[in-house]
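A short worksheet on the structure shown next.
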Amino acid sequence: MNTPAETVYETTISHIGAYENKRVELRGWLYNKRSSGKIVFVILRDGTGIAQCVASQKDVGEQLFAWLNRLNQESSLIVQGIVRKDSRAPGGYEVGLTGCTIVSEALDDYPISLKQHGVEFLLDNRHLWMRTPRQRDILMIRAEIVKACRDFLHSEGFVNVDAPILTPSACEGTTTLFSAKYFGEQAYLSQSGQLYNEAAIMSLGKVYCFGPAFRAEKSKTRRHLTEFWMVEPEAAFMRFEEMLGLEERMVCYIIESVLDNCESQLREIGRDPRQLINIKPPFPRITYTEAVEMLTQKGIAITWGEDFGAPHETEIASEYSKPVFVTHYPTKIKAFYMQPAPDNPETVLGADLLAPEGYGEIIGGGERIYDYNLLLERLKEHNLPLEEYVWYLDLRKYGAVPHSGFGMGIERVLAWICGLEHVRETIPFPRMINRLRP
Ligand code: 4AD
Ligand code: MG
């Protein structure tokens, strides 16, 4: 049967179904193994899936059989074998092993054995933890979301213009800045590319930046990272209402892409796709003032003018099965650049989008001040060093236009879509108040 002329198909586990009764070659890592007498089940993973390869002493010879039996988890292998349909095997196919090359034998017992481990241990071993199927699935969904953001924005005519990471000034308040030494000058890691986006729209009309953002957040919550990724669209002449529509369409496009292309990953990680199917426009909208009334009626203590904390956001969002826009926040709790609402200047044309199921704010955005004098006044009120904002004020000096934009945090959206307990699993190498490694 093993004639020299027989073709060996190099393929990946995700594609073995196309090679039934043919001989394939797979390259990957030993995920697990089970022995029973004269048979050893080699469970191989290759980044595209998991395959059960069955080796019998009679087919592979005594030496290889013995070797497979003692091999450590996560040794790297190239296996050859015949693909057979088997409804009991993961993926519906099994590989009858005929040969195996050990590329590199794992030198020690693998730290992340297949039993339960504590979260801190897993995070300390993130470089290995990310190999596990669940973490791989989450990272695949993350990649799908990133792609969906870019595809969506391109389809709406937005041009990608990225912003610098090293900056001399703050965008989102001075209390969460990470400082960096910059050849004798004081620099900070960017909190948001927004201010630079506002310059770019005067050149390109509609732009977005997509990159890491840094916040020296002292908060140790399930929603906060010190380094996270944000996609930030901004458009000249776009007004507040139009921006809310854009946010809605973008979130729905992302959900649809994940449901179309990652349904199996959602199921694998235990997320029921039905939780997401009804996320369609329009999203409910309430003002900050209405939200305060709602909370008060529910017996939750809050006074007008106070910012919402996570419990408030969870309570508000629990009234809806879709994300909800909270608009018209008090001016004094929002960033310096927010445009006052024409009918009530104590509030701003700004909105947070709160995700359902307690995931909190996933998007923050609004219309920006475009009047030179008002912006100057706000910069002073916020005690910001005017010399660092001269260029930003220039944008109001030379052809200012009404404009709006928003920022969406990838990790928060991913945590919600996947139904995760904490954002630490949503990014390849999380950075949090107590974690800089690995
Ligand atoms: O609401 P934020 O602070 O808004 C801005 O930075 C604006 N300048 C964006 C813009 O208008 N271009 O942040 C936007 C989003 C939040 O809604 C949240 O999803 C995410 O960024 N985010 C965080 N994600 C993880 N960890 C943190 N510490 C985050 N802070 C904000
Ligand atoms: Mg915000």
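Whatever order the structure lists ligands and atoms in, that order sets their numbers, starting from 1. In this text the structure is predicted, and so the values were computed from the model without any measurement. When reading the values below, keep in mind they use all heavy atoms of this one structure, side chains included, and skip hydrogens, waters and symmetry mates.
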Distance only, no hydrogens: is a donor on one side chain within 3.5 Å (strictly under) of an acceptor on the other, for [X] and [Y]?
| X | Y | answer |
| --- | --- | --- |
| S113 | Q73 | no |
| Y359 | R223 | no |
| D162 | Y196 | no |

Look at E306 together with K332 and state whether they make a salt bridge at an N to O cut-off of under 4.0 Å.
no
Regarding R285 and E241, does a basic nitrogen lie under 4.0 Å from an acidic carboxylate oxygen?
yes
Could you pull out every protein residue that has a heavy atom closer than 4.0 Å to ligand 1, ordered by chain and then number?
C171, E172, S192, Q194, R215, E217, R223, H224, L225, F228, M230, E232, Y337, E361, I362, I363, G364, R368, G405, F406, G407, G409, R412
Is it possible for you to check whether R396 lies under 6.0 Å from the centre of the six-membered ring of Y372, through NZ or CZ, and within 45° of that ring's axis?
no
Looking at D137 and I269, would you say the former's side chain and the latter's main chain have a donor-acceptor pair under 3.5 Å?
no
Check for a donor-acceptor pair, side chain of Q339 on one end and backbone N or O of L349 on the other, with a separation under 3.5 Å.
no
Is the gap between the ring centers of Y208 and F158 under 6.0 Å?
no
Quick one: name the protein N/O/S atoms under 2.8 Å from the Mg ion (ligand 2), chain by chain.
E361 OE2
